[in-house]
Amino acid sequence: MFENKHIVLPTDRLRKLCLEKGWFDCGTVELYEKMLEMNEFGVPMDELAAIIWFCTDAGGYSEVDILDCLFAEYLKFYCEQYGC
């Protein structure tokens, strides 16, 4: 369907998702900005999920849970932009 390396969430949606889920609560501001920048450059979504998971203590999310949420948000964005 989609190649993982080409999936990029809009920065505002990724920020909102992090706030809503309580992700990145253990990361520094510098790491958070680097994570957002990596997303903009198209880092594979599984790597993005690993970075978020590593810097998250709240909510009991697993790396797979985070990946599922990221991909669901991407599909929602894609459908809004291009129809499903």
Side-chain angles (χ1 to χ4, degrees):
M1 184 171 164
F2 298 101
E3 282 201 40
N4 193 15
K5 63 184 174 185
H6 298 294
I7 296 174
V8 176
L9 280 173
T11 301
D12 61 327
R13 291 181 90 114
L14 182 54
R15 283 183 195 270
K16 184 179 177 192
L17 198 57
C18 286
L19 286 171
E20 287 174 355
K21 304 289 186 181
W23 295 344
F24 227 89
D25 59 336
C26 294
T28 65
V29 172
E30 292 83 12
L31 287 174
Y32 183 71
E33 292 300 321
K34 285 181 188 264
M35 180 270 299
L36 294 174
E37 186 177 308
M38 290 173 75
N39 174 65
E40 291 173 8
F41 285 110
V43 69
M45 200 169 276
D46 57 341
E47 290 181 30
L48 189 64
I51 293 164
I52 293 170
W53 174 78
F54 186 76
C55 294
T56 299
D57 189 37
Y61 289 96
S62 72
E63 192 174 334
V64 172
D65 293 336
I66 293 170
L67 180 60
D68 289 345
C69 289
L70 291 173
F71 192 69
E73 186 65 25
Y74 176 78
L75 289 177
K76 182 178 169 185
F77 166 74
Y78 185 88
C79 287
E80 290 169 3
Q81 295 298 307
Y82 305 105
C84 287

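Just so you know, residue 1 is the first one in the sequence shown, and it goes up from there. For clarity, every value in this text was computed on a predicted model and none was experimentally measured.
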query: Would you say the side chain of E73 lies within less than 4.5 Å of the side chain of K16, judging by non-hydrogen atoms?
result: no
- request: For residues L31 and F54, determine if any side-chain heavy atom of one lies less than 4.5 Å from a side-chain heavy atom of the other.
  value: no
message: Just so I know, are the side chains of R15 and Y32 near enough to count as touching, which here means a heavy-atom distance under 4.5 Å?
response: yes
- request: With the side chain counted from C-beta on, respond yes when M35 and L14 share a heavy-atom pair under 4.5 Å apart, and no when they do not.
  value: yes
query: What distance do L17 atom CG and W23 atom CH2 have between them, rounded to the nearest 0.5 Å?
result: 4.0 Å
message: Under a 3.5 Å distance rule, please check whether T56 uses its side chain to pair with a backbone N or O of D25 as donor and acceptor.
response: no
query: Should F71 and Y82 be regarded as members of a common hydrophobic cluster, given that ILVMFWY residues are connected when their side-chain heavy atoms come within less than 4.5 Å of each other, either directly or indirectly?
result: yes
For residues 60-69, tabulate all N or O donor-acceptor pairs below 3.5 Å that involve a side-chain atom, not counting sequence neighbours.
unit_1, atom_1, unit_2, atom_2, d
S62, OG, V64, N, 3.4
S62, OG, D65, N, 3.0
S62, OG, D65, OD1, 3.4
S62, OG, D65, OD2, 3.2
D65, OD2, S62, N, 3.0

task: State whether the side chain of N39 and the backbone N or O of L48 hold a donor-acceptor pair below 3.5 Å, judged by distance alone.
output: no
